[in-house]
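What follows is one structure encoded as structure tokens, with my remarks underneath.
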Amino acid sequence: MDKPKKVSRKIFFKEIDIPCRIGVCEHEKKHPQRIIINIELELSTEVEPINDRIDETLNYDLIYREIKKISSSQHFNLVETLTNSIFIYLKKLKKVSDLRISVSKPDIYEDCNKVGYEISTF
């Protein structure tokens with residue numbers, strides 16, 4: 001007898017490109033830098049949009065606005081600190097069971113697309 005496959009529902013954000021005051025070097029503290037944020041949110045099993053209503057899922061607009069708010073809230077010395085701040089916010093969302101977030105800086109090295117940090121519960 002075949003075991004039923006687990007159904008996974010995810011909301012994701014691919015390559016949110018925003019300015020952020022981040023870095024420990026003096027030249028990084030003078031001007032905002034570009035950061036790239038990727039997020040994958042696995043929704044808890046009770047989240048299923050049966051009636052085509054926003055309250056049956058997770059409103060990604062609220063998440064997007066909060067991520068931008070966190071990213072612009074202060075100067076972050078470390079990408080790790082910013083990533084962790086966003087992770088803490090996302091982990092508190094009741095409809096999220098697992099998540100992955102990465103924050104990277106695309107303009108650090110000429111021969112490297114991005115350097116960054118990732119936190120995941122997957």
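Residues Glu56 and Asp52 share a closest heavy-atom pair of OE1-N, 3.2 Å. Closest of all the heavy-atom pairs between Glu42 and Ser8 is CD-OG, 3.7 Å.
For the pair Asn38/Lys14, a side-chain contact is recorded, criterion being any heavy-atom separation below 4.5 Å from C-beta on. Taking 4.5 Å as the limit, every side-chain heavy atom of Lys95 sits out of range of all side-chain heavy atoms of Leu41.
Formation of a donor-acceptor pair under 3.5 Å by the Asn51 side chain with backbone atoms of Arg53 is not found in this model.
For Arg21, there are no side chain to side chain donor-acceptor pair (under 3.5 Å) partners two or more places apart in sequence or in a different chain. Residues meeting the side chain to side chain donor-acceptor pair (under 3.5 Å) test with Lys10, sequence neighbours left out: Glu40.
Looking at Leu58, Leu90, Ile11 one by one, the single match for side-chain contact (heavy atoms from CB on, under 4.5 Å) with Val96 turns out to be Leu58.
The salt bridge (Lys or Arg N to Asp or Glu O under 4.0 Å) pairs that include a residue from residues 22-36 are Asp17-Arg34, Glu28-Lys105, Arg34-Asp107, where partners are two or more places apart or lie in different chains. A side chain to side chain donor-acceptor pair (under 3.5 Å) check over residues 109-122, counting only residues at least two apart or in different chains, returns the pairs Glu15-Lys114, Asp98-Thr121.
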Anything under 3.5 Å between a donor and an acceptor, one on a side chain of residues 72-88, the other on a protein residue two or more places apart or in another chain? List them.
unit_1, atom_1, unit_2, atom_2, d
Ser72, OG, Lys68, O, 3.0
Ser72, OG, Lys69, O, 3.3
Ser73, OG, Ile70, O, 2.8
His75, NE2, Gly23, O, 2.8
Thr83, OG1, Val79, O, 2.8
Ser85, OG, Thr81, O, 3.0

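Put simply, CZ on Phe13 and CD1 on Ile101 are 10.0 Å apart, with the number rounded to the nearest 0.5 Å.
Here Phe12 is tied to no hydrophobic group at all, with no ILVMFWY side chain closer than 4.5 Å.
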